[in-house]
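First comes the structure, then the notes that go with it.
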Protein chains: 2
Amino acid sequence: MTQRQELALGRLLELVVLLNQDMTQSLATIDLTTSRTTVLWELRQRGPTKQNVLAEALKVSPRTMTGLIDGLVATGFVTREPHPKDRRATLVTLTAHGEATAGVMETDQAQFVEILFGGMGEARLTCLFDGLEEILARLRQHGLRLPEPTEAS
Amino acid sequence: MTQRQELALGRLLELVVLLNQDMTQSLATIDLTTSRTTVLWELRQRGPTKQNVLAEALKVSPRTMTGLIDGLVATGFVTREPHPKDRRATLVTLTAHGEATAGVMETDQAQFVEILFGGMGEARLTCLFDGLEEILARLRQHGLRLPEPTEAS
DNA sequence: TATTGTTATACTCTATAACTATA
DNA sequence: TATAGTTATAGAGTATAACAATA
């Protein structure tokens, strides 16, 4: 492990932390959490959706999805509607507020991109992008896992 | 917002998610969480430390630190020792197991670096690093925040 | 019998407020 | 009076298991 590689990992982790913090904070100001926002995002793409489908999309248990929807209903982003063909199921549906919020998030994303990459040279952007791609590929190749923790103690 | 910028943000967020998942999973196999691991890391640098110092280091409330230490005590990574000069305070101290684990994590980090950057060309590594630095600088400049969420609904 | 979503239970991270022991 | 850490309480995300209603 060269020192430059170690530094690069440091920057990467720093970025992970910062991006998480920023997103969490910003979303909190509009009564959202990252998990609930992901649900909103899915609903925007899919339209009214069954809970189990959402649970699979987020790779989360059905029970956890119940909780997320509970929160979104309580804060007025979605409603639970009866499924027209299957009385066991409910269709989670965006409210007007939910739609509006999801729409605004697209604008915000554009502004965020501007902050991160605005005015960054073509060459550097390409290079950064390719680097990220390569890291992602490597991570996926290794089964998306950190090295098996060498047994401690 | 160009399409390439949008793609770059996508990769960045993907990486954030993957790194978080991987770290969480790997740590779970040795009975740790990311928060508790951060405490371990601090203890390794600082030696026996008062809880309030740790709370400030993690930017977390004293109450939250109590919970984190409770967990680390229960799983055998640290002990609470009386502070020699201040009977109000406790000194959180790594056990042998805690020391060993913290040590192993350094090795793991090296392996992880190898996965991410091993054999990556000098030029690309430099470029990636510089790109990350630039993004971090931009984020910091903008007060570590996403754009003020344009009022929804 | 299989599926959908719930209740029941549990663990983690997070916070504020009130309180105890000590400085 | 101020500080260190606790109990009390609360909300959010996560999970498994048991169960009701429906397919």
Side-chain angles (χ1 to χ4, degrees), chain A residues 17 20-21 23-42 48-93, chain B residues 16-17 20-42 48-93:
Chain A
V17 170
N20 268 331
Q21 277 182 359
M23 239 172 300
T24 304
Q25 269 185 23
S26 293
L27 290 175
T29 68
I30 51 170
D31 273 304
L32 279 175
T33 63
T34 50
S35 291
R36 290 179 191 174
T37 302
T38 311
V39 175
L40 243 49
W41 205 250
E42 290 292 332
T49 310
K50 285 199 300 174
Q51 287 189 198
N52 63 356
V53 173
L54 290 171
E56 276 163 32
L58 298 218
K59 289 188 191 104
V60 125
S61 75
R63 179 59 185 92
T64 296
M65 187 49 64
T66 296
L68 292 175
I69 304 298
D70 285 351
L72 286 169
V73 168
T75 45
F77 289 95
V78 308
T79 58
R80 282 187 170 100
E81 305 293 337
H83 190 293
K85 299 193 172 169
D86 185 341
R87 280 193 295 174
R88 294 171 302 180
T90 64
L91 281 179
V92 183
T93 307
Chain B
V16 167
V17 170
N20 268 331
Q21 277 181 359
D22 289 5
M23 240 173 300
T24 304
Q25 269 185 23
S26 293
L27 290 174
T29 68
I30 52 171
D31 273 304
L32 278 175
T33 63
T34 50
S35 291
R36 289 178 191 174
T37 302
T38 310
V39 175
L40 243 50
W41 205 250
E42 290 292 331
T49 309
K50 286 199 299 174
Q51 287 189 198
N52 64 357
V53 173
L54 290 171
E56 276 162 32
L58 297 217
K59 291 188 190 104
V60 126
S61 75
R63 179 57 184 92
T64 297
M65 187 50 64
T66 296
L68 292 175
I69 305 299
D70 285 351
L72 285 168
V73 168
T75 45
F77 290 95
V78 308
T79 58
R80 283 186 170 99
E81 306 292 339
H83 190 292
K85 300 193 169 169
D86 187 341
R87 281 193 295 174
R88 295 170 303 179
T90 64
L91 282 179
V92 183
T93 307

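Note that the structure is predicted; figures quoted are calculated from it, not measured.
- A donor-acceptor pair under 3.5 Å links the side-chain atoms of B:Thr93 to the main chain of B:Leu91, judged by distance alone.
- Taking 4.5 Å as the limit, some side-chain heavy atom of A:Asn20 sits within range of a side-chain heavy atom of B:Val16.
- Computed from coordinates, the A:Asn20 CG to C:dT14 P distance equals 12 Å when rounded to whole Å.
- The nearest whole Å value for the distance from the NZ atom in B:Lys85 to the C1' atom in C:dT22 is 17 Å.
- Under the salt bridge (charged side-chain N to carboxylate O under 4.0 Å, His left out) criterion, B:Arg87 pairs with no residue at all, not counting sequence neighbours.
- Annotation: the span from B:Leu68 atom CG to B:Phe77 atom CZ amounts to 13.0 Å, rounded to 0.5 Å.
- Axis angle, first five pairs versus last five pairs of the helix from C:dT1-D:dA23 to C:dA23-D:dT1: 30°, rounded to 10°.
- Contact record, A:Arg80 with A:Thr66: NH2-O, 3.4 Å, taken as the closest heavy-atom pair.
- Computed from coordinates, the B:Leu54 CG to C:dT14 P distance equals 13 Å when rounded to whole Å.
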(message) Walk me through whether B:Ser35 and B:Thr38 qualify under side chain to side chain donor-acceptor pair (under 3.5 Å).
(response) CA-CA 5 Å; B:Ser35 291; B:Thr38 310; 5.8 Å; no
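- Computed from coordinates, the A:Glu81 CD to C:dG5 C1' distance equals 16 Å when rounded to whole Å.
- B:Ser35 comes within 4.0 angstrom of sugar-phosphate atoms only, judged by non-hydrogen atoms across all strands, and of no base.
- The interatomic distance linking A:Leu27 (CG) with D:dG13 (P) rounds to 11 Å, in whole Å.
- The side chain of B:Leu68 lies closest to C:dC13 when the candidates are C:dT22, C:dC13, D:dT16.
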(message) For a quick check, with a 4.0 angstrom heavy-atom cut-off, what is the B/S/- contact string for nucleotides 1-7 of chain D, read 5' to 3'?
(response) --BSSBB
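- The phosphate of C:dA15 has OP1 or OP2 within less than 4.0 Å of a side-chain N or O from B:Thr64.
- Checking the phosphate oxygens (OP1, OP2) of D:dA15, a side-chain nitrogen or oxygen of A:Ser61 falls inside 4.0 Å.
- For the atom pair OG1 (A:Thr37) and CG (A:Leu32), the distance works out to 4.0 Å, reported to the nearest 0.5 Å.
- In this structure, the CZ atom of A:Arg36 is 11 Å from the P atom of D:dG11, given to the nearest Å.
- Put simply, A:Arg87 has no side-chain N or O that comes within less than 4.0 Å of OP1 or OP2 on C:dG5.
- Protein atom CG of A:Leu72 is 16 Å distant from nucleotide atom P of D:dG11, rounded to whole Å.
- We find that CD1 of B:Ile69 is positioned 15 Å from C1' of C:dT14, with the value rounded to whole Å.
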(message) Pair A:Thr64, A:Ser61 - check side chain to side chain donor-acceptor pair (under 3.5 Å), show working.
(response) CA-CA 5 Å; A:Thr64 296; A:Ser61 75; 3.0 Å; yes
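- With respect to A:Arg36 and A:Asp70, no salt bridge is recorded, no charged nitrogen being found less than 4.0 Å from a carboxylate O.
- Contact check, A:Thr33 against D:dG13: a side-chain N or O comes under 4.0 Å of OP1 or OP2.
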